[in-house]
Structure formats: structure tokens, C-alpha cells
Number of protein chains: 2
Amino acid sequence: MPKQTFLSLPEDKQNTLIQSAKKEFSRVPLHEASIANIIKDAGIPRGSFYQYFEDKEDLYYYLLNQVAQENNKKLNSILQEKKGNLMDALADQFRYMISLRHDEEHKDFLRYAFLNMNHRKENTMANNIYKESLKNERSQTLEMVDTSYLNIEDKQELSHVIRIVGAITFHNLVQVFVHDLTDEEAIFNYDAQISLIKKGLQRKEVD
Amino acid sequence: MPKQTFLSLPEDKQNTLIQSAKKEFSRVPLHEASIANIIKDAGIPRGSFYQYFEDKEDLYYYLLNQVAQENNKKLNSILQEKKGNLMDALADQFRYMISLRHDEEHKDFLRYAFLNMNHRKENTMANNIYKESLKNERSQTLEMVDTSYLNIEDKQELSHVIRIVGAITFHNLVQVFVHDLTDEEAIFNYDAQISLIKKGLQRKEVD
DNA sequence: CTTGACATGTGACACGGTGTCACATATAAT
DNA sequence: ATTATATGTGACACCGTGTCACATGTCAAG
């Protein structure tokens, strides 16, 4: 989390720094990004940076979390639109996510995020790290799921379902960036996989 | 890949370096590991290191690939034992993987590998990077799958199934290390999820 | 042998990045 | 006006990387 000092800064100064950071994190992946570049671009001294953030990661995950929050809102609205049908909502959400690749502002930032997706980034995207407010939003999302569409018996199974579709969704998003899939290819694969797990991987015994 | 120079080295010198590397990569995750520590421990000069490997990553993925190869062999043998039943084989393989946590030699190395699992590591573990021989082994594994257990229609769907169970398996392995799950918890979750996707996530219409 | 060509070994060094700290400056409170 | 407290600043010490000029080894041909 950014330190209080940063949050107390005049908004435009905050934005300058954020813009510079986004620029750097869009140039190279996190581990190659340098604080030196960010502060040079933002025109602030090195010491100040460390008054605002713990380190590079702190700033990075602050940004990533902002993206995640937008995303979460989107999912909520889609889920509402789909009347609680989780699988349908995810199919839409997936399409939305890959469409972000064409958005100049997020493009390369997302690209490097997914090319170097790891547990912490995934967790941030799925929103578990920041703020209690998010915990609320999260369960708010969960509450919206209409479980009658799903082949489950209790809340615990719902959480397993979430993990399953989450793992598959992230896997597919990573594939999109790693192999530079077209939207069509990406959607085809994702839908195929979702369809498979919806109907079940195990052949029913035919007697 | 290590350079030829390394592969031509007397075996004991190779092993010394490998041991020192494993020690360092078990001490801290890849990005914190330092070549300085490895060569100090192995007692070789800095210049030599760069004659053997491109860089830190080169050495790391060489080691990880060795682990992956052992793993692949194991999967093959389990799959054979299970007469091509993929899902059953994976359940066993998962148990085997988490049991490696208790093996002193691999313990921390694996721990840091999974705590920082990313696309490249996952891919290495699932074996796609090194050697043609592995490509063969891979398809060899695929050939062993008896598709009659599965609810699929063609080879393409089989590859989707592999991706699905792969994503879920890795997700669960990461969770094991991130949350320090007991073997029992890990197996419970994994089995629950596998069972769900086997029978299908979508409720059948009851009329 | 000895010479030369080529492979391998070696460690000092330049470079670039990080995080800190002593000092400067602003802001607020009495 | 004075003191306390927060914030700004950039020089600096530290550490790790990858390279390069030079040293040493190997081996085959004369």
C-alpha cells in the first residue's frame, strides 16, 4: 500500500507519478522496471519516491489493483445482467478482458502482467489483498451467483467451482498473451473448455 | 541451455556447481538468488560461470527441467499403471507431487518454484521447452491416455481436457505452498475439484 | 620438443540499480 | 517567534551483473 504521504499529495502530482509508473511498467515487465526511470520521467527526487511507496512492487501492485477493481465492477455488472448465471457471465467477462488488449492505455501494461502472471498478480486481479472494502465486494459478487444453474450442493462446492473457473480463465488469458492469439482463437478455446467442464469430463457409462 | 563447455566438464565439477546452485535456489526465490553466492560456494571464478551458462535463469531452468523430467517419468508410469485412465492417474500424480514437499533435497527448491510459479516455470514443468526428446515423451504420454474414459469427441478436445486439468492441478499445487496446506487439506480440495469437473459444473435440467 | 591455434580459466572492472541518511525546507501549532 | 512535526532532496554506500583483456591449458602438425 502507498504510504499516507502519497495519498495526501495534490491529485495532479499523484497522477503524474502514476502516469510515469504506468509508462515504465508498460515498457518492460515488473522485474526489469527501474525506479530511476519512473522518477526521472515524473520529475521527482529519489528520496520522495521512498516517502510515497515502500518499493517498486508496492507501486506496481497499487496500479494493478486499480485495474483489478475496474474489472471487478465489470464482472458484477455482467453477473447482474446475466441474472446470476456464473458461467455465462464469465464467458462475457473473458471477452471483455481480451478486448482490453486493444485499449492503448492498458495494452502493454496488461501484456506484461499476463506474460509474467504469478500467484500474487493473480491474487491481486482476483482481489484478495487490498482493503476490507474489496472483501466485501468479493462476497457481494459471490452473493449474486444463482447457484441453481450449478451442479453443486453447498457453499463449499461453490468456492471450488470459483477456483476451477478462475484457474481456467487465467490460464487462457495467459495463453492469449504468450501465443498472441487472435480474439477468435482465444474465444474459441475458452468456450470449448468451459463447455467441456459444464457438461463434465467423464464419459457417462453407456450400457 | 547450458553451454557445451559445461557439459564437457568432468562430472564431479558439474555436480559441485549443481549442488551449490540448488542450495542457493533453495535459500531464496530465483529473482533473489545471486550468482555471487553460487560461485563462492562452488569455488569457481565468476568468468567461468558465464562460460558454462548464459545467466542465472539458464542455470535455474536447467535444474527445474531435471525435476520436471523425473516428474514426467513418474506420470508415465502411473498412467500405465492406471491403464490410461487420465483422471485417476492425475489424482495419484498430485499426491506424489505434494509428497515431494517432505523430501529434504527438493523441499525448498520446489517451495520457491511454486510460490513464484509463472508461465515459464509452469511450461517447463509441463515440459515444452527443452529438447526434442521431451516433445516425444510428451506425446508418448498423450498416446497412453485411454480416451474412452473421457467425454470427448476428438483429439482437439483431448488437448482442451489436458489444459483444463493442468490448470487446475497447478493452481492447487500453488495453493498448497502459499497456504501451507496439510497433505489432507490439499488432497481434499483437489479431489473435490476433480470430482466436480468430472461430473460437470452445470446442473442438468430436471423437468 | 616447439610452435601455433584454439578452448577454457580468471578476476578486476565498469555499469546500473537500490534504499538510506543527514540535511533542507515547509507547515502547523502554541 | 519559536518549536515541533511532516515532507522534500540528492549524494552516497552497497551490491549484483556481465564483460573483457589476459593467463593458462590442450593438442595436433612440423
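Naming: A, B, ... by sequence-line order, numbering from 1 per chain.
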What is the distance from [atom1] of [X] to [atom2] of [N], rounded to the nearest Å?
X: A/Tyr50; N: C/dA22; atom1: OH; atom2: P; value: 18 Å
X: A/Phe53; N: C/dG19; atom1: CZ; atom2: C1'; value: 16 Å
X: B/Glu57; N: D/dG16; atom1: CD; atom2: P; value: 16 Å
X: B/Leu59; N: D/dT17; atom1: CG; atom2: P; value: 12 Å
X: A/Leu7; N: D/dA6; atom1: CG; atom2: P; value: 16 Å
X: A/Ile39; N: C/dG17; atom1: CD1; atom2: P; value: 10 Å
X: B/Lys56; N: D/dC15; atom1: NZ; atom2: P; value: 16 Å

Assign a letter to each nucleotide of nucleotides 6-12 of chain C from its 5' end: B, base within under 4.0 Å of a protein heavy atom; S, sugar-phosphate only; -, no contact. --BBBBB
Suppose we screen for side chain to side chain donor-acceptor pair (under 3.5 Å). Which residues come up paired with B/Ser99, at least two apart in sequence or across chains? none
Inter-residue atom distance B/Thr16.OG1 - B/Ile38.CD1, 0.5 Å rounding: 13.5 Å
Under a 4.5 Å cut-off applied to non-hydrogen side-chain atoms, are B/His160 and A/Gln193 in contact? yes
Does [X] have more than 12 heavy atoms from other residues, nucleotides or ligands lying within 6.0 Å of its [atom1]?
X: B/Glu81; atom1: CD; value: yes
X: B/Tyr96; atom1: OH; value: yes
X: B/Gln66; atom1: CD; value: yes

Tell me which residues in residues 16-38 of chain B put a heavy atom below 4.0 Å from DNA chain C, sorted by number, or none. none
Residues at least two apart in sequence or cross-chain that pass salt bridge (charged side-chain N to carboxylate O under 4.0 Å, His left out) with A/Arg101, listed by chain then number, are A/Asp183
Cation-pi check for B/Tyr52 against B/Lys3: NZ or CZ below 6.0 Å from the six-membered ring centre and within 45 degrees of the axis, yes or no? no
After noting the C-alpha distance and the side-chain angles of A/Phe25 and A/Tyr112, does the key distance pass the ring-ring contact (aromatic ring centres under 6.0 Å, His included) rule? CA-CA 8 Å; A/Phe25 292 132; A/Tyr112 286 119; over 10 Å; no
In degrees rounded to 10°, what angle is found between the helical axes fit to the five outermost pairs at each end of the helix from C/dC1-D/dG30 to C/dT30-D/dA1? 10°
Working for ring-ring contact (aromatic ring centres under 6.0 Å, His included), residues A/Phe94 and A/Phe170: CA-CA 9 Å; A/Phe94 184 79; A/Phe170 271 99; over 10 Å; no
Which residues pass the side-chain contact (heavy atoms from CB on, under 4.5 Å) test with A/Asn118, sequence neighbours left out? A/Tyr61, A/Arg120, A/Lys121
